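In what follows, a single structure is set out as structure tokens and then discussed.
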Amino acid sequence: MPTLFPNPEELALILPQIWLAAFGLAILLLDFLLGPRQKWVNAFGALLGVAASGVALWRLRGVHAVGVPGFGGAIVVDPFFVFFGFLFLASTALVILLSVRYLEVEEEHRGEYYALMLFATVGMMFLAAGTDLVVIFVALETMAASFYVLTGYLRRDKRSNEAALKYLLLGAFSSGLLAYGFSVLYGMAGSTRLTEIGYAFRTPSNEIFPVVALVAVAAGLFFKVAAVPFHQWAPDVYEGAPTPVTAYVSVASKAASFAVLMRLFLVVFEPMRANWELLLGGIALATMTWGNLAALTQTNVKRLLAYSSIAHVGYILLGLVAGNETGLKGMAFYLFAYAFMNTGAFAIVILLRRKGVIGDELDDMNGLIYRNPTAAVLMVIFLISLAGIPPTAGFLGKYFIFLSLIESQHYLLAVFAVLYIVPAVYYYFRIVVHMWLREATDATRPAISPAQAVALAACTLVTLGALLYAEPFVRLATYSLLGSVVR
Amino acid sequence: MQFFQDHILSVILFTPTVGAILMLFIRGDRENVHRWMGNLFGMLGFLVSLPLVIRLGENWNTFNPALTDFQFVEDVEWIPSIGARYALGVDGISLLLVLLTTLLGAIAILSSWSAITQRVKEYYILMLLLQTGMLGVFLALDFFLFYVFWEVMLVPMYFLIGVWGSDRRLYAAIKFFLYTLAGSVLMLLAILGMYFTYAQQTGVYTFDIRTLLEAVPGFSPALQQWLFWGLFFAFAIKVPMFPFHTWLPDAHTEAPTAGSVILAGVLLKMGTYGFLRFSVPMLPDAVKEYSQIMVWVSIVAIIYGALVCMMQKDMKKLIAYSSVSHLGFCTLGIFALTPHGLSGSLLQQINHGLSTGALFLIVGVLYERRHTRMIADFGGLSTPMPGFAAIYLIVSLASLGMPLLNGFIGEFTILRGVFEVNKHWAAWGVVGIVLGAAYLLWLYQRVMFGHVTHEENRHLPDLNLREYATLVPLVVLCFWIGIYPKPFFEIIDPPMHRIVNRVNPGYYLVDPVKPLPAPSAETGTTSATPGSAAVPPQEQR
């Protein structure tokens with residue numbers, strides 16, 4: 001019998017999200033009480049919210065493989081969700097730590113920034129947990145709406161406004177596509193539950209609707225993860241958004257979109273694998289190619305990292321093309337490693353933001369080794385990891401992807417995938433050249449604030465530790481697959 | 001002591017890293033402290049590797065050439081869920097290369113004392129990290145670990161060329177990096193292919209090189225051929241074999257002296273080591289299939305490299321190209337697939353490391369004094385620099401294959417091994433030796449003999465004590481190998497015989513010319529060459 005209020009057990013399943021939302025709302029109120037110099041308290045509050053959510057999520061870690069469905073099957077709490085939940089919380093915490101100094105420099109330090117971040121995290125978490133089309137769509141919009149605002153957060157900056165508008169328009173368009181695909185799915189199955197739609201797909205039919213649904217949903221999701229040919233928004237948005245938000249979009253929103261992509265493709269579209277494997281392989285290859293080649297000539301570090309992130313999307317998609325256990329484990333591990341190494345790289349760009357200096361051009365990196373040796377060395381570690389060279393987490397991520405391609409006999413894709421490491425090294429090392437081999441054009445020595453130091457330390461530790469002491473991290477990725485995603 | 005005996009390879013491997021980490025915490029402007037620290041840990045790295053062959057006391061076990069297994073093995077779990085292990089060990093193939101690496105590392109670091117004046121701290125840290133990377137390649141008994149070291153090593157080398165190199169350093173550094181990377185990523189696919197196929201056959205996921213050495217020869221011929229090409233590009237680019245050599249002149253020429261020494265002395269050996277350790281024993285069928293192509297490519301490298309040397313105006317570039325030619329001999333010996341060819345190849349790798357390393361040091365000596373490497377800027381240097389002239393002469397002769405010096409032994413053994421397969425190949429090889437003598441002696445003549453042609457050269461100081469300290473050990477070793485190579489062949493031969501047994505199982509049965517293990521008449525002059533060296537009993541099927 002439906003009741004007005006959900007029972008406490010079901011509430012416990014969404015307690016992580018509840019904490020985040022509660023802290024987000026509290027920060028909105030708290031912000032009025034704080035003077036202009038006390039705004040860091042907002043950040044502290046947001047971190048507390050993330051911690052509280054983390055504790056709640058930690059309590060859910062013991063869920064069995066099938067997962068615990070809640071709210072009549074609208075969400076499920078399974079290891080897949082728990083893994084991604086922690087990934088979102090970790091990147092949120094890192095970005096909060098990186099934001100404080102940045103917002104002070106921008107003189108835009110207000111509470112709603114942190115509140116919006118927490119709301120975005122709520123959206124992401126429901127995205128990873130959702131097993132119902134409506135939940136997934138609402139969660140996706142919650143996340144996206146928060147990001148539209150965050151991207152345009154620098155009200156006085158033209159680039160930021162332009163980026164937000166572009167993001168909003170193209171995002172709305174892609175959401176429309178996705179909603180259209182969802183409606184076809186609903187029409188086919190007569191239900192919004194993923195499992196039931198999955199049943200509908202299992203009976204073979206010659207109708208056009210499954211293909212229409214697949215194409216529409218895939219296009220919508222490819223837009224969200226910035227896969228070619230739906231990637232055009234990414235470089236502009238990355239460049240225009242406040243740098244911490246760029247890091248957040250490129251890491252967390254991407255991971256969330258991949259979570260829902262994995263769930264949809266593996267639960268719903270898996271029976272049609274013959275139809276989409278080639279398509280997905282082609283998209284992945286095009287994404288790697290375009291991302292890697294376009295990055296070669298960029299002169300702005302944020303744009304360069306934007307194109308490189310497009311290339312990474314290609315690699316991650318390859319795991320889904322392979323579709324075996326290694327491939328999915330590889331996707332999870334890759335997203336995890338990417339969260340830390342990419343945030344680390346953006347953290348260095350954030351360091352360079354000072355009064356009057358935007359600091360995101362390649363030339364702003366000149367001679368960083370003289371100006372701040374620690375930052376220069378750490379940046380090399382992050383870039384090596386992004387390129388996929390050991391001894392870093394990025395290498396192990398690529399290792400899983402390559403292995404899965406060999407296991408599933410996609411040899412040609414594997415050869416392309418490994419060879420694209422070469423141009424990747426070239427453009428990442430353009431940054432290194434500027435940092436290490438050019439004379440400093442700017443004598444200032446960017447300092448690292450304590451909050452940034454914590455974030456950088458965490459990023460470095462994971463970037464190196466996830467290969468040198470990889471076992472727990474690999475177990476974590478394996479754990480994420482215990483869920484209902486993989487049969 | 002027991003700990004040291006049990007973990008000697010780890011100690012060798014990580015001594016340089018420990019030094020690098022300690023130096024991180026010392027302020028960068030205290031340059032002399034860094035110089036001392038760098039040299040201390042370079043030297044320490046060499047000293048801890050000596051107990052592999054020198055007894056430290058009653059209970060000390062040194063390397064035993066009679067054993068067929070890997071020795072000093074350390075094997076612990078690293079990433080159990082993918083089957084990667086931290087496994088180290090040496091055998092006759094890697095032992096000498098490890099010792100060469102530690103020795104050249106120490107010498108290269110010593111040679112940088114006055115040459116490096118900028119960013120001293122970073123320089124020594126990177127040199128030490130590079131040392132760990134290279135040693136790891138030779139020591140690893142786990143493919144995953146091997147690959148990690150193989151790639152890790154590129155990064156410090158990139159910086160060494162890029163930061164402390166000469167004019168075109170940026171171009172040379174990134175070219176070196178990308179070129180070698182392109183090869184090694186394909187090797188990664190080959191490694192994964194072996195790993196997966198073995199798991200399919202047995203259900204065990206392992207990167208263990210010892211296991212795969214036994215299992216991979218059983219794979220289907222088609223797969224073996226794919227694996228061969230996967231590995232081939234990585235190794236051929238590193239060696240470098242003929243069409244893939246274009247990164248080498250740039251990298252060697254632009255690198256700082258110590259970087260060139262390491263590049264020529266150790267880095268190139270990783271390619272040949274890869275062939276000896278993996279390609280040939282693991283994929284015998286594919287190797288036999290392609291050995292003809294490989295031999296001809298090697299011969300082209302020998303002749304082409306030598307001819308290009310003749311035309312060089314830059315001393316360093318000349319020596320760089322001479323590496324192409326000399327490494328051609330090494331690959332020629334490997335793909336002849338005879339015991340002499342293989343043993344000679346490995347010995348020649350060591351020889352090349354010693355003599356070309358010394359040649360680069362010699363160019364470095366001149367460059368430090370005159371800041372030019374052009375041959376035309378020198379002439380008649382034997383007058384102001386007699387000590388230098390003597391050492392340079394010995395090293396040149398060693399490099400061109402003069403009897404009593406090491407190059408002769410290596411090249412002779414290789415040609416002996418090649419000759420028994422095909423006389424024409426050996427003949428082409430001899431042409432290479434003649435050309436080698438020509439370009440090295442001509443270079444010597446133009447630089448050292450005659451009157452002093454440039455006034456500023458008239459009062460160049462002779463070698464100082466530190467420079468003698470870098471060159472004399474190499475010269476001594478050149479003589480040692482040249483006069484009494486037996487101990488070296490004793491280490492090298494047994495694994496080579498095992499390789500021949502794998503690739504050419506009938507070799508010791510069919511060929512009546514070589515009744516083993518009795519010494520044969522035809523090897524007369526070189527009583528220490530492998531024909532006469534004791535063959536372990538299990539080889540005499």
Side-chain angles (χ1 to χ4, degrees), chain A residues 326 329-330 333 369-370 373-374 376-377 380-381 383-384 387-392 395-396 398-409 411 414-430 432-433 436-438 466-478, chain B residues 24 27-28 77-82 84 86 119 121-122 125 133 136 144-156 158-159 161-165 169-171 173-175 177-197 199-200 205 226 230 233:
Chain A
T326 317
K329 199 201 294 183
F333 189 91
I369 184 72
Y370 304 106
T374 316
V377 171
V380 171
I381 293 175
L383 292 176
I384 284 175
I389 292 176
T392 54
F395 165 66
L396 199 55
K398 287 205 167 71
Y399 157 87
F400 282 121
I401 301 287
F402 299 154
L403 180 61
S404 73
L405 288 175
I406 286 185
E407 286 176 352
S408 57
Q409 306 188 328
Y411 302 119
V415 169
F416 274 107
V418 294
L419 284 179
Y420 276 130
I421 293 182
V422 176
V425 165
Y426 178 76
Y427 60 74
Y428 288 127
F429 269 68
R430 286 180 63 211
V432 174
V433 166
W436 283 66
L437 310 176
R438 295 274 164 88
L467 180 71
L468 297 178
Y469 186 59
E471 187 58 18
F473 297 94
V474 178
R475 289 238 179 94
L476 195 66
T478 317
Chain B
L24 272 182
R27 283 181 39 170
E77 283 192 339
W78 178 24
I79 315 178
S81 41
I82 64 171
Y86 172 76
R119 301 163 82 168
K121 171 181 178 179
E122 296 147 34
I125 289 178
F144 194 84
L145 189 67
F146 170 83
Y147 186 79
V148 166
F149 281 119
W150 178 279
E151 292 230 315
V152 156
M153 175 218 76
L154 297 178
V155 179
Y158 168 84
F159 283 111
I161 301 175
V163 178
W164 293 275
R169 57 181 183 267
L170 284 183
Y171 170 75
I174 197 75
K175 186 172 180 181
F177 198 161
L178 298 184
Y179 221 124
T180 42
L181 188 72
S184 29
V185 291
L186 290 175
M187 175 171 75
L188 177 62
L189 285 188
I191 293 174
L192 293 175
M194 291 180 201
Y195 170 75
F196 175 61
T197 314
Q200 262 189 327
Y205 283 91
W226 282 109
F233 287 107

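Here the structure is a predicted model, which is why all the values come from computation and not from measurement. So you know, we letter chains A, B, ... as the sequences are listed, proteins then strands, and number each from 1.
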| Are any of the side-chain heavy atoms of A:Val425 and B:Leu154 separated by less than 4.5 Å? | no
| Is any side-chain heavy atom of B:Phe196 closer than 4.5 Å to a side-chain heavy atom of A:Thr326? | no
| Between CG of B:Leu188 and OH of A:Tyr399, what distance do you get to the nearest 0.5 Å? | 9.0 Å
| query | So does B:Tyr86 have more than 12 non-hydrogen atoms from other groups sitting under 6.0 Å from OH? | reply | yes
| task | Supply the atom-to-atom distance A:Ile421 CD1 to B:Leu186 CG, rounded to the nearest 0.5 angstrom. | result | 10.0 Å
| message | Heavy-atom cut-off 4.5 Å, strictly under: side chain, backbone, both or neither for A:Val377 against chain B? | response | neither
| request: Please flag which part of B:Glu122 lies under 4.5 Å from any non-hydrogen atom of chain A: side chain, backbone, both or neither. | output: side chain
| said: Is the ring pair B:Phe177/A:Phe429 parallel, tilted or perpendicular, if the boundaries are 30 and 60 degrees? | reply: perpendicular
| Between B:Ser184, B:Ala182, B:Pro80, B:Gly162, which shows the greatest number of heavy-atom pairs under 4.5 Å with chain A? | B:Pro80
| field | Toward chain A, the part of B:Ile174 with a non-hydrogen atom under 4.5 Å | value | side chain
| message | Can you tell me which portion of A:Leu396 sits under 4.5 Å from chain B's heavy atoms? Options are side chain, backbone, both or neither. | response | side chain
| query | Is there a side-chain contact between A:Val380 and B:Phe159, using heavy atoms and a 4.5 Å cut-off? | reply | yes
| query | Checking heavy atoms, do the side chain of A:Phe395, its backbone, both or neither come under 4.5 Å from chain B? | reply | side chain
| field | Shortest non-hydrogen separation from A:Ile406 to B:Gly193 and the atoms involved | value | CD1-N, 3.9 Å
| field | For B:Ala84, all residues meeting side chain to side chain contact (heavy atoms under 4.5 Å, CB included), sequence neighbours excluded | value | B:Trp78, B:Ile79, B:Ile82, B:Asp142, B:Phe144, B:Phe207
| Relative to chain B, which of A:Pro391, A:Pro373, A:Gly388, A:Pro390 shows the most heavy atom pairs under 4.5 Å? | A:Pro390
| Rounded to the nearest 0.5 Å, how far does CD1 of A:Ile369 lie from CZ of B:Arg119? | 6.0 Å
| request: Go through the structure and list residues passing side chain to side chain contact (heavy atoms under 4.5 Å, CB included) with A:Val433, not counting sequence neighbours. | output: A:Leu437, A:Arg438, B:Tyr158, B:Leu170
| note | Closest heavy-atom pair, A:Val474 versus B:Ser81, reported as atoms and distance to 0.1 Å, is CG1-OG, 3.3 Å
| query | Where do A:Ile384 and B:Val155 come nearest, in terms of heavy atoms and distance? | reply | CD1-CG1, 3.6 Å
| query | Which bit of A:Phe400 comes within less than 4.5 Å of chain B, counting heavy atoms only: side chain, backbone, both or neither? | reply | side chain
